[in-house]
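Values in this document were obtained by computation on a predicted structure and should not be read as measured data. Reckoned from all heavy atoms, side chains included, excluding hydrogens, waters and symmetry mates.
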Amino acid sequence: MAVRLSPKVLLIDPVRMLPSLLLPLGGVLVAGGFSPRSFVFAAMGVAGSIVFAVIRWATFTYTIVGDRLELTRAFVSRSVRTIPLERIRGVDVSTPPLHRLLGLAVLKLDTGAGGDKQEGELNGVTVEEAERLRAVLLARRVIPAVASSESSANATDTSTGTTSAAPGHGKEHYYIRVPRSWLRYGPLSGAYLLTPFALVAGAIGLLFQWGDEFGISGKDAWAVGEWLWDRPQYLIVAVAVLVLAMPFVGGVMYAIFNWDFTLKSRDGYLVAERGLINRRAVSLERRRIRGYELAESPPERAAKLVRVWAVVTGLGDSQTRGQLLPVTPKSAALAIAAEAIGPFGPSSATTPPSQASTPGQIGHVHPSDQFGQVHPSEHEAPSGQVPSGQVPSGQVPSGQVDSAGQASSAGMPLRPHPPQARRRRLFRAIFPWLVVVAVAGVLGWGVVVVIALVLALLGIPLGLDRYRSLGHAYDGARLSVRSGSLRRTQAIVERRAIVGWTFKQTWFQRSSRLLTVIAGVGAGKGGYSALDTGERQGVEFAAEVTPEWLNQFIARP
């Protein structure tokens, strides 16, 4: 039976279309000199948009027929979009502010087709209907469970190593509900720190776009710019105010987007829920998860914080939908990633991919308990022992130190890259500024010379840090590559996800006997690079991960 969206959505559509109507309606009013006739034409435009919203609502239906979801629209011509249920990889349910007031939700389908847009969207179903549809659509993707006892509510697919809950069982396991005290880490996230400057840039853009409608011409804007240029003290004050506002505004934006961030497993899916104004729940199919990626900025590294994303096949908008944890203490993040997806280290070599994520190995956070309180689970290790993948806060497991003398970000020492890689990073961090110094010196630009010299000196610790960040490793089940300084990333990817290798070598790398090894993965970014490895080191690393592919081509000494 065909079903329509909730009629309450008709209260939202006019408000949602208002931004696109402001410019033409403003133009009508200005062109008509704000006369009664111009207001009549503007009102007719608003009425027309409302009629269009009603027709669009009345002519759109959805229904589940057998093994497919059909989205039907019959506005001018009839069109039917058919989505096989077996292609549905995840369901994203969000509740924007207006929707929440009316008890509505937006349901988006992830079909694994890739790209930034979902193939199907139901914008305006009730919250109850959204939850019902999510349960129905995701239940088709769940593998039947084989429970051996009441305490074992999960099953393992022996062909994929996936742990799944029984269909219809609905039992949830909470990995973490982020404590509200952790919101204080928000200002350390670079993306949110730049919010004040982004808001100012957006306001300036709107002013240029709509300035003519409000009687502000380009000459007026240029005159204001010249006035400020002649009075630099005002610019300095404005920049100082924005800089001082960065931690506060960044912390507020971080809290709005990541309020009550919860990660849990349910019916064969990892579910991440977050948001204060727009509450969003993203479901990631566990058997499509191929690993995870850690990201750290310098302030986050100094505070021992990290962000975590899942590496998932066929996931659109992975930087948003694939987020598993916001800015989180590294020890907690590693423990949660090890439990939810799988550990990286010697212990994972004997653990099938994704099977290490059976809920209950480390502990869980019950939704009714105080935020952040972790309770021992049924499978907790004996007293005094640390479960697999969990690193006690402030401690580093014995031997888990990489070549730079730092604790490895994912529980296993990373192999160092040759000294030539350090020279390349120092050269690229210093030499460009020395060129600027030489050119500015010839032209007599003393201030530029001083600034470029300072940046060249700062390039020394930057280049050394970039070298220390380089590393790669393989534990028998998962490989890991790490690079970067201002944004250091480390990817941990299952061996089964590797679909090919690319070896790249520039002229400068050839002269230094270095090469870059790229592991091709049908998930996440599509490829993860071990930058500037030794020539033989890089090839042997790839051969270690997939010996059946490369061993026959390697000449042994």
### Message
Taking atom CZ as the centre, does Phe503 end up with more than 12 heavy-atom neighbours from other residues, nucleotides or ligands that are less than 6.0 angstrom away?
### Response
yes
### Reported CD1-to-CZ distance for the pair Ile256 and Arg274, which is rounded to 0.5 angstrom
12.5 Å
### Summary
Heavy atoms of Ala542 and Val517 approach each other most closely as CB-CG1, 4.4 Å
### Query
What distance do Leu263 atom CG and Thr328 atom OG1 have between them, rounded to the nearest 0.5 Å?
10.0 Å
### Query
What are the two closest heavy atoms between Leu486 and Pro298, and how far apart are they?
O-CD, 3.1 Å
### Task
Applying side chain to side chain contact (heavy atoms under 4.5 Å, CB included) between His472 and each of His417, Gln490, Arg482, report the one that passes.
His417
### Message
Using side chain to side chain contact (heavy atoms under 4.5 Å, CB included), reason through Ile492 and Glu293 one step at a time and then give a plain yes or no.
### Response
CA-CA 6 Å; Ile492 294 90; Glu293 187 174 357; over 6 Å; no
### Task
Could you check if a side-chain atom of Ser283 sits within less than 4.5 angstrom of a side-chain atom of Asp92, using non-hydrogen atoms only?
no
### Task
Could you point out which residue of Lys304, Arg301, Lys330 forms a side-chain hydrogen bond (donor to acceptor under 3.5 Å, both in side chains) with Glu296?
Lys330
### Query
Does the side chain of Trp501 come under 3.5 Å of the side chain of Thr546 through a donor N or O and an acceptor N or O?
yes
### Query
Are Arg307 and Trp182 in a cation-pi setup, meaning NZ or CZ lies under 6.0 angstrom from the ring centre and within 45 degrees of the ring axis?
no
### Query
Looking only at atom types and distance, does a side-chain atom of Arg288 sit under 3.5 Å from a main-chain N or O of Thr313, one as donor and one as acceptor?
yes
## Note on the structure
Here the pair of heavy atoms bringing Phe261 nearest to Ala272 is CZ-CB, 4.2 Å
### Task
For side chain to side chain contact (heavy atoms under 4.5 Å, CB included), just list the numbers for Val450 and Trp445, CA-CA rounded to whole Å, side-chain angles, deciding distance to a tenth of an Å, and then say yes or no.
CA-CA 9 Å; Val450 173; Trp445 296 346; over 6 Å; no
### Message
Less than 4.5 Å apart, side chain to side chain, heavy atoms only: is that true for Arg510 and Trp507?
### Response
yes
### Query
Would you call Tyr254 and Leu183 a side-chain contact if the rule is heavy atoms closer than 4.5 Å?
yes
### side chain to side chain contact (heavy atoms under 4.5 Å, CB included) evaluation trace for Leu464 with Leu426
CA-CA 7 Å; Leu464 293 175; Leu426 287 171; 4.0 Å; yes
### Task
Give a yes or no answer on whether the side chain of Gln420 reaches the backbone of Ser512 with a donor-acceptor pair at less than 3.5 Å.
yes
#### Entry: Nearest-0.5 Å distance, CH2 of residue Trp433 to CZ of residue Arg428
15.0 Å
#### Entry: Any donor-acceptor pair under 3.5 Å from Tyr474 side chain to Gly476 backbone
yes
### Task
Evaluate whether atom CZ of Arg513 has more than 12 neighbouring non-hydrogen atoms of other residues, nucleotides or ligands under 6.0 angstrom away.
no
### Task
For the residue pair Arg478 and Arg495, establish whether any side-chain heavy-atom pair is separated by less than 4.5 Å.
no
### Query
Ignoring hydrogens and geometry, is there a side-chain-to-backbone donor-acceptor pair from Ser483 to Leu470 under 3.5 Å?
no
### Task
Establish, from distance only, whether the side-chain atoms of Arg415 and Gln537 form a donor-acceptor pair under 3.5 Å.
no
### CA sep, side-chain torsions, deciding dist, call: Glu494, Val311, side chain to side chain contact (heavy atoms under 4.5 Å, CB included)
CA-CA 10 Å; Glu494 296 175 359; Val311 176; over 6 Å; no
### Query
Looking only at heavy atoms, which two atoms of Ser529 and Ile518 are closest? And how far apart?
OG-CG1, 3.3 Å
### Query
What is the distance from atom CG of Leu270 to atom CG of Leu284, rounded to the nearest 0.5 Å?
6.5 Å
#### Entry: Over 12 foreign heavy atoms within 6.0 Å of CZ, Phe257
no
### Query
Do the side chain of Thr262 and the main chain of Asp260 share a donor and acceptor less than 3.5 angstrom apart?
yes
### Query
Looking at Tyr467, does the NZ or CZ of Arg425 lie under 6.0 angstrom from its six-membered ring centre and within 45 degrees of the ring axis?
no
### Task
Compare every heavy atom of Arg286 with every heavy atom of Tyr175, then report the nearest pair and how far apart it is.
OH-NH1, 3.2 Å
### Message
What's the separation between atom CD in Glu339 and atom CD1 in Ile341, rounded to the nearest 0.5 Å?
### Response
11.0 Å
### salt_bridge(Arg266, Glu172) N-O dist < 4.0 Å
yes
### Query
Looking at CG of Leu109 and CG of Leu69, how far apart are the two atoms once the value is rounded to the nearest 0.5 Å?
6.0 Å
### Query
Would you say the side chain of Gln509 lies within less than 4.5 Å of the side chain of Thr516, judging by non-hydrogen atoms?
yes
### Side-chain touch Ile498/Leu479, heavy atoms, less than 4.5 angstrom
yes
#### Entry: Pair Glu86 + Arg68: basic N to acidic O under 4.0 Å
no
### Summary
Which of Pro329, Pro326, Pro299, Ser297 passes side chain to side chain contact (heavy atoms under 4.5 Å, CB included) with Leu305? Answer is Pro329
### Query
With a 4.5 Å limit on heavy-atom distance, are the side chains of Arg466 and Leu462 in contact?
yes
### Summary
Residues Ala303 and Leu188: closest non-hydrogen pair is CB-CD1, 3.9 Å
### Task
Compare all side-chain heavy atoms of Arg279 with those of Ser94 and state whether any distance is below 4.5 angstrom.
no
### Query
Do NZ/NE/NH1/NH2 and the carboxylate oxygens of Glu300 and Arg488 come within less than 4.0 Å?
no
